[in-house]
Asker: 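Below is the structure I would like to discuss, written out as structure tokens.
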Amino acid sequence: QVRVVESGGGLVQAGGSLRLSCAASGRTFSPYAMGWFRQAPGKEREFVAAISWSGGSIYYADSLKGRFTIFRENAKNTVYLQMNSLNSEDTAVYSCAARRKTIATMTAHEYDYWGQGTQVTVSS
């Protein structure tokens, strides 16, 4: 079993930045691919970014490329999501997920463990 806990959300002004963290505990972290997803009020959950266990393969939602960066530190059992140039459309609950495979995917149901999520609110 893997426990996933997000942190770093909060209130930020439009144009600002936030860095989310996702700490995993339990079984060895390293073999897991990790992903970030978000869900805005009244909308379906959407893919944000994903990273393979080695960090060699990274995927982003097309609309977020250039503003968001995912990276990981396996020694700290942590994956991060750096978010820049935030706007009101980025307001959502951001959730981290772990997949019991080394290859990342953009599909939510292919992830095995999920965190509770952290709220990101961007004020205009």
Side-chain angles (χ1 to χ4, degrees):
Q1 191 74 10
V2 174
R3 183 168 179 255
V4 177
V5 179
E6 306 94 336
S7 62
L11 177 64
V12 62
Q13 289 188 333
S17 299
L18 275 178
R19 177 176 292 183
L20 305 182
S21 299
C22 173
S25 60
R27 290 188 175 181
T28 305
F29 174 74
S30 294
Y32 290 89
M34 302 293 292
W36 285 98
F37 295 80
R38 70 183 184 182
Q39 187 166 19
K43 295 186 178 181
E44 294 186 352
R45 181 171 55 191
E46 64 174 348
F47 169 75
V48 174
I51 186 168
S52 64
W53 79 270
S54 69
S57 295
I58 291 174
Y59 306 99
Y60 295 102
D62 288 341
S63 61
L64 302 177
K65 288 179 180 178
R67 294 196 299 122
F68 287 20
T69 302
I70 187 172
F71 59 101
R72 65 191 294 164
E73 292 185 278
N74 287 350
K76 296 182 178 181
N77 292 348
T78 302
V79 64
Y80 305 91
L81 184 68
Q82 177 68 40
M83 306 185 294
N84 299 327
S85 302
L86 288 163
N87 58 64
S88 59
E89 293 185 350
D90 296 317
T91 294
V93 174
Y94 286 71
S95 297
C96 179
R99 183 174 190 241
R100 289 179 304 204
K101 293 185 183 296
T102 59
I103 300 173
T105 175
M106 296 183 286
T107 306
H109 70 75
E110 294 182 347
Y111 286 83
D112 302 291
Y113 306 103
W114 289 81
Q116 294 289 336
T118 185
Q119 176 70 47
V120 171
T121 302
V122 183
S123 63
S124 56

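One-based numbering along the sequence shown. Keep in mind that what you see is a predicted model, and the values were worked out from it rather than measured.
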Asker: Check whether any side-chain N or O of N74 sits under 3.5 Å from a backbone N or O of W53 as a donor-acceptor pair, and report yes or no.
Answerer: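 Indeed, once roles are kept as given, a pair shorter than 3.5 Å links the two residues.
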
Asker: Y32 and I58: same hydrophobic cluster, using ILVMFWY side-chain contacts below 4.5 Å?
Answerer: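 Y32 clusters together with I58.
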
Asker: Is it possible for you to say whether M106 and Y113 belong to one hydrophobic cluster, with membership spreading through side-chain heavy-atom contacts below 4.5 Å?
Answerer: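 Hydrophobic grouping puts M106 apart from Y113.
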
Asker: If you compare all heavy atoms of V79 against all heavy atoms of M34, which two are closest, and at what distance to 0.1 Å?
Answerer: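 Reported closest heavy-atom pair: CG1-CE, 4.0 Å.
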
Asker: To the nearest 0.5 Å, what is the distance between OG (S17) and CE (M83)?
Answerer: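 The CE atom of M83 is 8.5 Å from OG of S17, to the nearest 0.5 Å.
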
Asker: Looking at T91 and T121, would you say the former's side chain and the latter's main chain have a donor-acceptor pair under 3.5 Å?
Answerer: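 Side chain of T91 to backbone of T121, a donor-acceptor pair under 3.5 Å: no, none is there.
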
Asker: Is it true that L18 and Y80 fall in one hydrophobic cluster, defined by side-chain heavy atoms closer than 4.5 Å?
Answerer: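 L18 does not cluster with Y80.
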
Asker: How long is the straight-line distance from OG1 of T78 back to CD of E73, given to the nearest 0.5 Å?
Answerer: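 Rounded to the nearest 0.5 Å, the CD-OG1 separation comes out at 7.0 Å.
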
Asker: Would you please name every residue forming a salt bridge (charged side-chain N to carboxylate O under 4.0 Å, His left out) with K65, sequence neighbours left out?
Answerer: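 Partners of K65 by the salt bridge (charged side-chain N to carboxylate O under 4.0 Å, His left out) criterion, ordered by chain and then number, come out as D62.
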
Asker: Can you sort out the partners of R45 under salt bridge (charged side-chain N to carboxylate O under 4.0 Å, His left out), two or more places apart, ordered by chain and number?
Answerer: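 Not a single residue meets the salt bridge (charged side-chain N to carboxylate O under 4.0 Å, His left out) criterion with R45.
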
Asker: Just by modelled atom types, is the G117 backbone N or O under 3.5 Å from a matching donor or acceptor in the E6 side chain?
Answerer: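 Here the side-chain-to-backbone pair exists.
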
Asker: CG of N87 to OG of S123: how many Å apart, nearest 0.5 Å?
Answerer: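 Reported value, rounded in 0.5 Å steps: 11.5 Å.
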
Asker: Would you say that T102 contacts S52 through its side chain, given a criterion of any heavy-atom pair below 4.5 Å between the two side chains?
Answerer: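 A side-chain contact is absent here, since even the closest heavy-atom pair is not under 4.5 Å.
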
Asker: About how many Å separate CZ of R67 and CD of Q82, when rounded to the nearest 0.5 Å?
Answerer: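 Answer for the CD-CZ pair, Q82 versus R67, is 12.0 Å.
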
Asker: Short question: side chain of D112, backbone of R100 - any donor-acceptor pair under 3.5 Å?
Answerer: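 Such a contact is found between D112 side chain and R100 backbone.
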
Asker: Under the side chain to side chain contact (heavy atoms under 4.5 Å, CB included) rule, collect the residues that match up with S7, sequence neighbours excluded.
Answerer: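 Side chain to side chain contact (heavy atoms under 4.5 Å, CB included) list for S7, sorted by chain: S21.
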
Asker: For I70, is there any backbone N or O sitting under 3.5 Å from a side-chain donor or acceptor partner on Y60?
Answerer: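 Answer holds: yes.
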
Asker: Please give me the minimum heavy-atom distance between A14 and S124, naming the atom from each residue.
Answerer: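 Scanning both residues, the minimum pair turns out to be CB-CA, 4.2 Å.
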
Asker: What residue pairs, at least two apart or across chains, pass disulfide (SG to SG under 2.5 Å) with a residue in residues 64-93?
Answerer: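 Output for this query is empty, none listed.
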
Asker: How many angstroms lie between atom CD1 of I51 and atom OG1 of T69, to the nearest 0.5 angstrom?
Answerer: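 Going from the CD1 atom of I51 to the OG1 atom of T69 covers 10.5 Å.
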
Asker: Donor-acceptor pairs under 3.5 Å, side chain of residues 35-44 to any protein atom, not counting sequence neighbours: which ones?
Answerer:
| unit_1 | atom_1 | unit_2 | atom_2 | d |
| --- | --- | --- | --- | --- |
| R38 | NE | E46 | OE2 | 2.5 |
| R38 | NH1 | D90 | OD1 | 2.9 |
| R38 | NH1 | Y94 | OH | 2.9 |
| R38 | NH2 | E46 | OE2 | 3.0 |
| Q39 | NE2 | K43 | O | 3.0 |

Asker: For L11, is the CG atom crowded, meaning more than 12 foreign heavy atoms sit under 6.0 Å from it?
Answerer: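 For L11, atom CG is crowded (more than 12 foreign heavy atoms under 6.0 Å).
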
Asker: Side chains of E110 and T105: is there a donor and an acceptor less than 3.5 Å apart?
Answerer: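 Yes, T105 and E110 have a side-chain donor paired with an acceptor closer than 3.5 Å.
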
Asker: How about V4 and C96: do any of their side-chain heavy atoms sit closer than 4.5 Å?
Answerer: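 Yes, their side chains come closer than 4.5 Å.
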
Asker: Within this structure, what is the CZ-CG distance for the pair F68 and L20, rounded to the nearest 0.5 Å?
Answerer: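 Reported to 0.5 Å precision, the distance equals 8.0 Å.
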
Asker: Does the side chain of Y111 reach to within under 4.5 Å of the side chain of R99, using non-hydrogen atoms?
Answerer: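 Counting from C-beta outward, Y111 and R99 do come under 4.5 Å.
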
Asker: Who pairs with E89 by side chain to side chain donor-acceptor pair (under 3.5 Å), at least two apart in sequence or on another chain?
Answerer: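 Listed in chain order: nothing, the list is empty.
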
Asker: Would you kindly confirm whether F47 and V93 end up in one hydrophobic cluster when ILVMFWY residues are joined by side chain heavy atoms under 4.5 Å apart?
Answerer: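 Different clusters.
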
